[in-house]
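Note on naming: letters A, B, ... go to the chains in the order of the sequence lines (proteins, then strands), and numbering restarts at 1 for each one. Just so it is clear, the values below take in all heavy atoms, side chains as well, and ignore hydrogens, waters and symmetry mates.
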Amino acid sequence: MNKLDNTLLKSLPPFLNLAPDQIRDILERAQPRRFATGDTIFAEDGTADAFFLLLDGYVRAVRITEDGEQIVLLHISSGQLFGIAKAIGRTTYPASAIATGECLVLSWPTRHWDEFIKKYPRFASETYSTVGSRMGELNNRIVEMSTLHVEQRVANAILRMVQQAGRKTEQGIEIDFPVTRQDVAEMAGTTLHTVSRLLSAWQKAEIIASRRKLIVVTAPHKLVVFSETGQFPE
DNA sequence: ACATTAATTATGT
DNA sequence: ACATAATTAATGT
């Protein structure tokens with residue numbers, strides 16, 4: 001039913017080295033979907049009736065607190081599996097998935113999960129490693145949140161985005177999806193005002209350059225040093 | 001050391 | 001023109 005290129009899946013980690021008929025098997029059960037900026041792909045606590053593979057674009061995992069405050073848990077970049085509640089023994093999604101920018105996604109009904117795991121060892125090991133690395137990231141962030149100062153936290157938030165979605169330009173490394181100060185604030189656990197103030201300062205110090213919804217890190221090394229020491233190098 | 005409030009300006013449809 | 005984003009200063013905990 002779909003006109004997706006068969007070579008597309010072949011190059012993705014979970015489906016590496018599969019035979020053509022296996023690729024077809026997987027694609028036949030997949031539903032390709034597009035999402036626009038800000039679209040909710042699935043909602044926190046909703047029944048996990050599908051799991052997903054991000055083909056293009058970026059998605060962020062978001063949770064809402066008691067008093068309606070958003071926090072951004074992590075970003076997912078293309079090639080990654082997400083919405084894999086089954087992998088952590090859940091029947092509902094632990095967070096909401098929001099499209100940041102245009103997204104192209106493959107989704108499969110959850111009932112195929114167990115079979116995929118059995119049939120395709122790469123798919124199984126890939127889910128383990130993505131679950132593992134996300135746990136690791138969240139783990140680090142807990143430590144950061146409780147030990148570091150805001151300035152270091154927003155530095156880390158920016159560095160993480162650079163790491164996951166950095167694109168080299170003439171000026172430096174640019175974050176490949178739209179980010180507002182509010183977004184950064186939600187990642188660093190602070191307010192957009194503090195973020196705005198910090199970004200302005202770092203702009204003057206020629207560490208970053210930023211326009212509306214865009215952040216370019218012009219001196220990545222200095223920002224790394226700052227995130228670790230709380231001081232800019234001479 | 002940070003958040004909150006509020007007022008002001010810039011930017012994108 | 002209108003809504004959304006960003007800056008900036010003042011005040012608060």
Step by step, would you call W202(A) with F226(A) a ring-ring contact (aromatic ring centres under 6.0 Å, His included)? CA-CA 11 Å; W202(A) 296 348; F226(A) 178 80; 5.6 Å; yes
B/S/- contact track for nucleotides 7-13 of chain B, protein heavy atom under 4.0 Å: ---BBS-
Tell me the interatomic distance from [X], atom [atom1], to [N], atom [atom2], rounded to whole angstroms.
X	N	atom1	atom2	value
E151(A)	dA1(B)	CD	P	8 Å
H149(A)	dA3(B)	NE2	P	12 Å
L148(A)	dC2(B)	CG	C1'	15 Å
W202(A)	dA6(C)	CH2	P	15 Å
E69(A)	dA3(B)	CD	P	10 Å
L199(A)	dA5(C)	CG	P	15 Å

Ignoring hydrogens and angles, state whether a donor on the side chain of N17(A) or Y120(A) is under 3.5 Å from an acceptor on the partner side chain. no
Side chain to side chain contact (heavy atoms under 4.5 Å, CB included) test vs L81(A) passes for just one of T127(A), V131(A), L54(A), namely T127(A)
Can a side chain N or O of S196(A) be found less than 4.0 Å away from OP1 or OP2 on dT8(C)? no
Do the rings of H112(A) and F116(A) sit parallel, tilted or perpendicular, given the 30° and 60° boundaries? parallel
Compare the minimum distances between each of dA3(B), dA6(C), dT7(C) and the side chain of S200(A), then state the nucleotide with the smallest one. dT7(C)
Residues [X], [Y]: salt bridge by 4.0 Å N-O rule:
X	Y	result
R160(A)	E144(A)	yes
E174(A)	R167(A)	yes
R60(A)	E186(A)	no

Side-chain heavy-atom pair V179(A), K213(A) within 4.5 angstrom cut-off: no
Backbone N/O of E137(A) and side chain of N140(A): donor-acceptor pair under 3.5 Å: no
Which residues in residues 174-192 of chain A have at least one heavy atom lying under 4.0 Å from any atom of DNA chain C? T180(A), R181(A)
